[in-house]
Amino acid sequence: MIEQEVAVADMDEAAAADELARLAALLGRANAAYYQQVAPEISDAGYDRLKQRNAAIEARFPALKRADSPSEQVGAPVSDGFAKVKHAVAMLSLGNAFSDEDVVDFEERVARYLGREAPLEFTAEPKIDGLSLSLRYEDGALVQAATRGDGETGENVTANARMIADVPQVLQGAPDVLEVRGEVYMRHADFAALNAAQEAKGAKAFANPRNAAAGSLRQLDARITKARPLAFFAYAWGEVSAPLADTQMRAIERLAELGFSTNPLTRLCCGAQALIAQYRQIEEQRATLGYDIDGVVYKVNDLGLQRRLGFRSTTPRWAIAHKFPAETAHTWLEKIEIQVGRTGALSPVARLTPVTVGGVVVSNATLHNEDYIKGRDSKGNPIREGRDIREGDWVEVYRAGDVIPKVRDVDISKRGPDSRPYVFPAVCPECGSPAVREAGDSVARCTGGMICPAQAVEKLKHFVSRGAFDIEGLGKKQIEAFFHDAQLPIREPADIFTLEDRDARQMGKLKNREGWGEKSAAKLFAAIRGRREIPLNRLIFALGIRHVGDSTANLLATHYGSWQAFVAAMDRAATHEGEAWEDLLSIDGVGEVMARALVDTFHTPETRQAIDRLVAHLDIQDVAAADTSGSPVVGKTVVFTGTLEQMTRAEAKARAEALGAKVSGSVSKKTSIVVAGPGAGSKAKKAQELGVEIMSEADWLALIGDA
Ligand code: IVH
């Protein structure tokens, strides 16, 4: 075979096409032999050589690339990261409950939304501590596997997922389209064996089974994934062409019938107390399960009710994760330092003698705020029986999930005679401006605003972070360096977008700096250029406004649709009253405090000017409105009044908004429809006077197709 090979450079098109066909067949056979554990026909080196030859021919004759090209096949070691996959249905996360009381509240919230009485029926199942995976089947065949990513877009890990024994390649009797979602994890025994093997090879051991599972799934070479003992539990679904069942429990049973592993501890429970009892049961078994779980997930059993409940931004209203208490350890608190955050908050941080907590080495932990150090809660009541925390103390630290470690308690019997209470600074340690605690605020804040370098740097770091502009090559480290750079500084977001021009004016000095080269500088500029076009929600989040996290940014972007509409509304709401202000407060999830922070940001002149300077460089993408095509009420303003009988007010509002309508609390000339239930009074009357269309709840449901 080798003797007859023609050099790629000497091939004509016909020869190339023939050779690509031959290589596809050869490599296909080799793949099958390799992955199905049949005796390999060719050596690894031989395999790699054939693949390279195939790639070289494809590079010379791109038009001849075959539909079944081996470079796209299972086991193809992708050279440059994973391709992105947009999820047909977003992969969401879950809200958390930390106490029995939170569980009771959850049930009450659900019942209230649905207008029903507790107890309601739920499923309870372990929360697997792994990473979520979405498996797409078309006509019963696995066609794509994707990680969660940011929930909207994940990574294509199809080749790797095919290596997991629990992932069926084909399904019998499944809907034409079925996306199965679940958790990839690693059992304790497999984890221990893997780490032993890693150490024997001189390779780095994994910190915990979850890291090992993540590292194993996200391998560019699927052959490595194959050698790793990954497992998968199915617990949810995304797009389906036909419903799996009427209830969560039956749907999970269907998934089991289709050949998926489902968790054997899944139970049906009626009411919060039954959920809590099941939680205790699972907690007792936790140590003997043989894999990590970090809580219990509760889901409303009736899928019709799940649909009615829907979602709030990034979490479903119909499910919650009841987390196990955190793991703890004891160590010395060496020093208390103050960090200044992007909103000026002075956060005390404990520098600790390193200690392992739940498999991770911890050397820093948060101390929250001044009161927490003093042993008081936000209302002035004692916590830790009033014990304060001091430098030099022996403390208990804990970690819950992925969150930052915290200092929980202190052993004052170990205090030395020189121990002194910690004195919280009255000025910002970074810029020297006074630190002020507003009435009712638990946090002292630097009043330096834009002049405080710490705030500015933190704002910039937030600006380039993952959910915000996410500029490749511009991470925290680079932001620090550019911020302090005299020649090519980045002091505010707009500076990022002038960086390339400024560098060009300096004859392209960046590429000669330490840590930069021709390629990395060009890559950075390209990444920045690529972000001039930015979705509205990301921009709002990136601004780093107090209280406005990514889910609020999503809500705002969806509500206003465009940057122009958003800014105009902020301008009109300046006085904290009037229509624009009420409209802002009408957004489910926006409260008064957040609304003030938002509006005031746009009315602080220096901040506003910095925002305007930034926006001048951007092409802001409007929010693609939810799919309201065919919605009969899109763009209409609706007022609900009187008693609704089929649904609660909250549900009616959420449903109408999902269909592109605006829900208002008062009737005016702009109102399109008033939905009046029994007992409707002045609003219905006003609608009549203004000639606004009035309809019953039943008519409304018929109109929107929910009857
Ligand atoms: S349900 C719409 N069930 O927890 C809700 N999630 O904190 C979809 N997880 O991203 C998730 N075990 O990766 C669900 N039994 C379980 C789970 C589970 C683990 C993970 C999942 C999700 C995260 C949310």
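Not measured: the values here are computed from a predicted model. One-based numbering, in listed order, for ligands and for the atoms of each.
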Looking only at protein heavy atoms, which one is nearest to [atom], and what is the separation?
atom                    : answer
atom 11 (C) of ligand 1 : Y235 CE1, 3.9 Å
atom 23 (C) of ligand 1 : K127 NZ, 4.0 Å
atom 3 (N) of ligand 1  : K299 NZ, 3.1 Å
atom 13 (O) of ligand 1 : E183 OE1, 2.8 Å
atom 12 (N) of ligand 1 : I128 N, 3.0 Å

**Asked** Within 45° of the six-membered ring axis of Y398 and under 6.0 Å from that ring's centre, is NZ or CZ of R408 located there?
**Response**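 Yes, R408 and Y398 form such a contact.
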From T262 atom OG1 to I252 atom CD1, the distance as rounded to the nearest 0.5 Å
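Reported value, rounded in 0.5 Å steps: 7.0 Å.
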- Spacing of CD belonging to Q646 relative to CD belonging to E651, to within rounding of 0.5 Å: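 Between atom CD of Q646 and atom CD of E651 there are 10.0 Å.
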Discussion item. With a cutoff of 4.0 Å, is G182 in contact with ligand 1, counting heavy atoms of the residue only?
Written reply: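 In this structure, G182 fails to qualify as a contact of ligand 1 - no heavy atom is under 4.0 Å.
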Worksheet item: For ligand 1, which part of A321 has a heavy atom less than 4.0 Å away: the side chain, the backbone, both, or neither?
Response: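 Answer for A321: neither.
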Aromatic ring proximity, centroids under 6.0 angstrom, F640 and W700:
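For W700 and F640, the ring centres are under 6.0 Å apart.
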Worksheet item: Are the aromatic ring centres of Y291 and H188 under 6.0 angstrom apart?
Response: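 When the ring centroids of Y291 and H188 are compared, they turn out to be at least 6.0 Å apart.
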ask   = Looking only at N/O atoms, are L131 and ligand 1 under 3.5 Å apart anywhere?
value =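 No, L131 has no N/O under 3.5 Å of an N/O on ligand 1.
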Query raised in the report: Just distances here: any N/O of S93 and N/O of ligand 1 closer than 3.5 Å?
Result: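 No; every N/O pair is 3.5 Å or more apart.
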(request) Below 4.0 angstrom from a heavy atom of P316, which ligand 1 atoms are there? Numbered from 1 as shown, please. (result)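 Atoms satisfying the 4.0 Å criterion: 2 (C).
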Subset of ligand 1 atoms that lie under 4.0 Å from at least one heavy atom of E125:
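Counting from 1, the qualifying ligand atoms are 3 (N), 15 (N), 16 (C).
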Which residues pass the side chain to side chain donor-acceptor pair (under 3.5 Å) test with R136, not counting sequence neighbours?
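For R136 the side chain to side chain donor-acceptor pair (under 3.5 Å) partners, ignoring immediate neighbours, are E138, E179, E239.
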Of the choices I320, L92, L94, which has the non-hydrogen atom that lies closest to atom 10 (O) of ligand 1?
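That would be L92.
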Check: Salt bridge between R210 and D294, side-chain N to carboxylate O under 4.0 Å?
Finding: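 Looking at R210 and D294, the cut-off is not met.
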With a 4.0 Å cut-off, would you call E657 and K662 a salt bridge?
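Salt bridge: no.
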